[in-house]
Protein chains: 2
Amino acid sequence: MADVAERAGVSASTVSRTLRGLTTVSPEVRARVEQAARELDFAVSRQAASLVTGRTGTVAVLVPTLNAWFMGSALSSLAPVLRAAGMELTVYVIPDLAERTSFFDRLPARRNADALLVFSFDLTEEETDRLDSLGMPVIYVSQHVDGRPSVYVDDVAGALHGTRHLLNLGHRRIAFIKTVGASGFSFSSNERLLGYQQALAEAGVPLDDDLVAALPVGDQRALTEALGRLLSLREPPTAVFAEQDEVAVAVIRALRRTRIEVPEQVSVLGFDDQPVADLFDLSTIAQSPSDIGHEAGRLALKLIDDSEPDHTQHIVLPTHLIPRATTAPLHAGEWEGDGGSPRA
Amino acid sequence: MADVAERAGVSASTVSRTLRGLTTVSPEVRARVEQAARELDFAVSRQAASLVTGRTGTVAVLVPTLNAWFMGSALSSLAPVLRAAGMELTVYVIPDLAERTSFFDRLPARRNADALLVFSFDLTEEETDRLDSLGMPVIYVSQHVDGRPSVYVDDVAGALHGTRHLLNLGHRRIAFIKTVGASGFSFSSNERLLGYQQALAEAGVPLDDDLVAALPVGDQRALTEALGRLLSLREPPTAVFAEQDEVAVAVIRALRRTRIEVPEQVSVLGFDDQPVADLFDLSTIAQSPSDIGHEAGRLALKLIDDSEPDHTQHIVLPTHLIPRATTAPLHAGEWEGDGGSPRA
DNA sequence: ATGAAAGCGCTAACAG
DNA sequence: CTGTTAGCGCTTTCAT
């Protein structure tokens, strides 16, 4: 910066003021400085700047993985929001318990970011408390944490609408497949199960624990077993609501492999509306991770600027049903429904 | 840090030495300092440290998007490599031309990272030159750039093997579907086309431009049109080699919609081995983005430490054919092949 | 093995 | 509107 100052024939302060866009610089001086800076390919060192401002110009995100549709979409739309505000994005990927422990132990984000966005983790209260000690706004994304700012979709309503859709099609025996994350990571499972149960209750359909399965996403064997359990019930389900599209697709493939037709004999409904849902013509509950990312970014910027950190913000985004080809009226199929005609 | 020093009853220098793991600290003092640091939840400010060391402790990556299988996998495996070395990961997402221009204009990474990893961009020579001026190692990932360190898979060999596989199955009319990225971003298209052509040449099969189509990924309409062109050729292809799994899957869906059986009538081969390939039982050429990410990370760390930046490193990773259910011998189908029996 | 002192590059008062 | 001065929190000589 001294070089630029010398070249422009001004003091370092003036260069600083110019480069930060302060208005208290005369046009001609500004021009000289900008030219000098350009000629020298000068860029301000965030390091040095933040040393004195106390702000790092960086937003950190904590994610379980980057290798997932949700994270990819959310971060892809979070990034431009930050960029537009001149902020950098640094990413902490915490794929397993060991890394998780180490992260919460050392809190490397401390002093190295102005805000932290925590994605999709099912945190213990201890961990949340620990994050409170970070000395920066912490925003919880895709999860509701009481008393802390969060951005998430209304999972209960989503699952409620999905289940209603199946009920409206005449289904009464509706299975629900929960996803249990590996090593303590969880998604919005519980909320979605709640929505499912709520819909059944309001329709007067009795809950049946046998219809609820929980399995790790991507575990083919567990899925097959769970499906086997469902199909061998005295009253097997005529519809399956999977809490994630990926699982729904696996269900479809497994059923078709057994020559059980979807949706003629069993309807299948997913949740997410990932690209794969379209490829499989999967009916599903759509959520928009890019909206989530966008909102989370805006909220982060706001909280960074806010001097009043008291008013806890909750941003709840909507979901909506995308009816495609894997859900159909009960009687359209030939499976034995309540009153339908049995089949060989 | 002064607080820690006071609490441990030592000087700031000693705290610094301890926290950086230097050996020149007596065990007892080390213990005192570590305890004090822990009690005060102290974390070193990278900002202040880098001001004097000249190193930021950060690796930057430049990606066109995060919303893609390749990036997600690569970054998910890059991250732990950096973490293990105590480095942070900052991400620049450049989704469009405007952001691209602005990035190369301002080069925000300057002075704010110790190395830059450039993913999957088809850079102009001007841009590459500009990056050279960054004053840090720049590593090109998933692309070969002459004279600069890069990490990529052998696309030529991959496409060569894929095409050979189809040739070995008896196919002679093999279409190739290239992908053209939006707004100047390109993937390894050209290399793959080259491998395809090479395989045909070595088998003595004449090249036919009519069999090569180029379309933007995700453009349903363009795909349908391209397919229409292929299917209305005097000698239509009996196999389609798509340069990306996503396109291959779209091809399969389009063909089946028209009641053209895959692979009985037309074989389809992809490239990548994304999860969706497995879901569609797609034969494909596998590449491993996680290996790429891993190697890129290691290379970055190495170049950061190296004082000798002369020996340009190129890391070329292998691909391999994953034969699944969408490629089959020519005569297994009923389409009119060269000598096959025509069908109604 | 430890401490004292200097200074990394910048911004924030404060003068003028 | 611009320059001067004093640090921000750390690492690094250089002593001891």
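Since the model is a prediction, treat every value here as computed from it, not as a measurement. By convention in this document, chain letters (A, B, ...) are assigned in the order of the sequence lines, proteins followed by strands, and residues within each chain are numbered from 1.
In this structure, A:Arg46 reaches neither bases nor backbone, as no heavy-atom distance under 4.0 Å exists between it and the strands shown. Counting any heavy atom pair closer than 4.0 Å across all strands shown, A:Arg30 reaches no nucleic acid atom. When heavy atoms are screened at a 4.0 angstrom cut-off, A:Thr24 is found touching base atoms of the nucleic acid. Here B:Ser13 lies in heavy-atom contact (under 4.0 Å) with a base. The residue A:Ser45 sits close only to the backbone: its heavy atoms come under 4.0 Å of sugar-phosphate atoms, none of a base. Residue-level contact check: A:Arg17 touches the bases, meaning some heavy atom is under 4.0 Å from a base atom.
Atom-to-atom, CZ of B:Arg20 to P of D:dT13 comes out at 10 Å; the value is rounded to the nearest Å. We find that CZ of A:Arg111 is positioned 9 Å from C1' of D:dC10, with the value rounded to whole Å. Distance, A:Met1 CE to D:dT4 P: 15 Å, rounded to whole Å. Spacing between atom CG of A:Leu51 and atom C1' of D:dG7 amounts to 9 Å, rounded to whole angstrom units. Nucleotide D:dG3 holds its P atom 14 Å from the CG atom of A:Leu22, rounded to whole Å. Look at CG on B:Leu19: it is 9 Å from P on D:dC10, rounded to the nearest Å.
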Start with the C-alpha distance between B:Glu88 and B:Arg83, add both sets of side-chain angles, then the distance that settles salt bridge (Lys or Arg N to Asp or Glu O under 4.0 Å), and finish with yes or no. CA-CA 7 Å; B:Glu88 312 251 284; B:Arg83 285 291 322 283; over 6 Å; no
List the steps and the verdict of side chain to side chain contact (heavy atoms under 4.5 Å, CB included) for B:Met1 and B:Ser45. CA-CA 9 Å; B:Met1 179 172 270; B:Ser45 159; over 6 Å; no
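For the pair B:Ala109 and B:Met136, the tightest heavy-atom approach, listed with the atom from each and the gap, is O-CE, 3.3 Å.
Proximity of B:Leu66 to B:Val93: side-chain heavy atoms (C-beta onward) are separated by under 4.5 Å at one or more points.
Between A:Asp105 and B:Arg38 there is a salt bridge, with a side-chain nitrogen of the basic residue lying less than 4.0 Å from a carboxylate oxygen of the acidic one.
Comparing A:Val52 and B:Val52 by the nucleotide of DNA chain C that holds the closest heavy atom to each, the one mapping nearer the 5' end is B:Val52. Both A:Val25 and B:Val44 lie close to DNA chain D; mapped to their nearest nucleotides by heavy-atom distance, the more 5′-ward contact belongs to A:Val25.
For the pair A:Ser77 (side chain) and A:Ser290 (backbone), a donor-acceptor distance under 3.5 Å is present.
Ring geometry for A:Tyr152 versus A:His314: interplanar angle over 60°, hence perpendicular rather than tilted (30 to 60°).
Distances shown here put a side-chain N or O of A:Thr14 below 4.0 Å from the OP1 or OP2 atom of D:dG3.
Taking every nucleotide of DNA chain C with any atom under 4.0 Å from a non-hydrogen atom of chain B, the first and last of them, 5' to 3', are C:dA1 to C:dC10.
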